[in-house]
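Notes for the one structure printed next.
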There are 2 protein chains.
Amino acid sequence: MENIVRHFDQYLSLNEEEREALTSRLTARKIKRRQFLLQEGDLCKHFTYVVEGCFKMYGVDKSGKEHNLLFAAEDDWIADLDSLHKERPSSLFIEAIEPCSVLQLSKGDLWYLYTNFPKFDRNFRVIVEDKYIELQNRLLQTFSSTAYERYAFFLAQYPQLSLRLPNTQIASYLGITPEFLSKIRNERTGK
Amino acid sequence: MENIVRHFDQYLSLNEEEREALTSRLTARKIKRRQFLLQEGDLCKHFTYVVEGCFKMYGVDKSGKEHNLLFAAEDDWIADLDSLHKERPSSLFIEAIEPCSVLQLSKGDLWYLYTNFPKFDRNFRVIVEDKYIELQNRLLQTFSSTAYERYAFFLAQYPQLSLRLPNTQIASYLGITPEFLSKIRNERTGK
DNA sequence: ACTTACCCTTAATCTAGTTTAAGACTATTT
DNA sequence: AAATAGTCTTAAACTAGATTAAGGGTAAGT
């Protein structure tokens, strides 16, 4: 709980009343490795704050291959906003890569906070804006650099994550096969 | 001006006071075809609402090729949020594809509205969330479908835009060359 | 400690999409 | 009305990255 309160201190920090409203509505859960927070076809019902561990959110194409959209580790938020807000079945999976502990807000609780404390509108606006910026940079990179460059950039941007994740997951995030990533890695160390 | 007021009616609609606060701060501008709203290296200083016409936002890779991140036409918002919020030089261009008329909010005015009328925090939160969802779907599609499928999807999703835009711009948006798009189009009509 | 399942690598073959080049068409500007 | 600049197409040669296959390594769960 301290984690999430400190998290909000980065934005407009919460007063006594807001903190109480938030913490009384959060549900703490432990998620095992390989357990799902969300599966294709489900309605996404929660906005999830990661206290510990790491999740991947991915889609599966018609040939059954997984494509990682993002990872969420400590102090990050994760949800399929499309499903959560538009109330339609998700086309995505959210799966624990490590044993995780999380704090969850239901859609109803989120709305309660938005309606009664404008600060949450503000803070979540900023949080979503930051995520939008990340996604925009990722899309631009996907179009304008080679797999080799994208891997180098991933290592530079997420050095800690790159050590925790199996290469097969990184490959899926970069939009390449594990075999090709292996080749790239080999060329790097060969220098 | 009526356009933008109607635009906000989709969300929490504005009362008299909010409407006045908004409209008194908007600056109307005409932008000619091929004129830039933003160039690489500039600071993005405005959030721009498109009343008429169409813009493209794109990045240029080191070999000089353009990669379209998005188009913004009537009733849409456009800005490089990264540059606007983080106050760093943009790596993007925003250029008019058609003669345009826009309404602009400066960063300071935006902040004034956020601070004095929480409804703007709410409405812009929802606007950015919708744009996040769009981008997330686009990224997933880029990873998990062929160029042929992405083109078909683009036609289905933006039928009106596809008629207004030259194919070379659509190709750049899909992440392929105009030559390859021409081939795809040829295969389609050949059926 | 065992074992099962995942993970990493290498290498040969293959393919979706790029590059280069060239010609015809079509807007926009003067 | 001419001229210039952007647009669309076709086709041949090429390349980044996929696929298939196979062997060895390493970590998780029992």
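From a predicted model like this one, the values you see are computed outputs, not experimental measurements. Here is the naming used below: chain letters follow the sequence lines, and residue numbers restart at 1 for every chain.
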| task | Could you tell me whether B/Lys45 atom NZ has more than 12 heavy atoms of other residues or ligands within 6.0 Å of it? | result | no
Take atom [atom1] of [X] and atom [atom2] of [N], then tell me their distance rounded to the nearest Å.
{"X": "A/Asn167", "N": "C/dC8", "atom1": "CG", "atom2": "P", "result": "5 Å"}
{"X": "B/Leu181", "N": "C/dT19", "atom1": "CG", "atom2": "C1'", "result": "16 Å"}
{"X": "B/Ile97", "N": "D/dT7", "atom1": "CD1", "atom2": "C1'", "result": "14 Å"}
{"X": "A/Arg164", "N": "D/dA27", "atom1": "CZ", "atom2": "C1'", "result": "17 Å"}
{"X": "B/Phe143", "N": "C/dA16", "atom1": "CZ", "atom2": "C1'", "result": "17 Å"}

Please determine, for the side chain of [X], which listed nucleotide ([options]) has the closest atom?
{"X": "A/Phe180", "options": "C/dG17, D/dA11, D/dA18", "value": "D/dA18"}
{"X": "B/Glu179", "options": "C/dT18, C/dT28, D/dT10", "value": "D/dT10"}
{"X": "B/Arg33", "options": "C/dT28, D/dA28, D/dG17", "value": "C/dT28"}
{"X": "B/Ala147", "options": "C/dT19, C/dG17, D/dG6", "value": "C/dG17"}

| task | Indicate, with yes or no, if the rings of A/Phe71 and A/Tyr173 have centres closer together than 6.0 Å. | result | yes
Considering just the side-chain nitrogens and oxygens of [X], establish if one lies under 4.0 Å of OP1 or OP2 belonging to [N].
{"X": "B/Lys65", "N": "C/dT19", "result": "yes"}
{"X": "B/Arg185", "N": "D/dT9", "result": "yes"}
{"X": "B/Asn186", "N": "D/dT10", "result": "yes"}

| query | For the atom pair CZ (B/Arg150) and CD1 (B/Ile170), what is the distance rounded to the nearest 0.5 Å? | reply | 13.5 Å
| remark: Rounded to the nearest 0.5 Å, the NE2 atom of A/His7 sits from the CD atom of A/Glu2 at a distance of 15.0 Å
| query | Is the NZ or CZ atom of A/Arg25 both under 6.0 Å from the centre of the six-membered ring of A/Trp111 and within 45° of that ring's axis? | reply | no
Please classify the nucleic acid contact of [X] as base, sugar-phosphate, or nothing, using heavy-atom distances under 4.0 Å.
{"X": "A/Lys32", "answer": "nothing"}
{"X": "A/Thr177", "answer": "base"}
{"X": "A/Ser182", "answer": "base"}

| query | Name the stems that DNA chain D belongs to, where each is three or more consecutive Watson-Crick or G-U pairs with both distances under 3.5 Å? | reply | C:3-6 with D:25-28, C:9-22 with D:9-22, C:24-30 with D:1-7
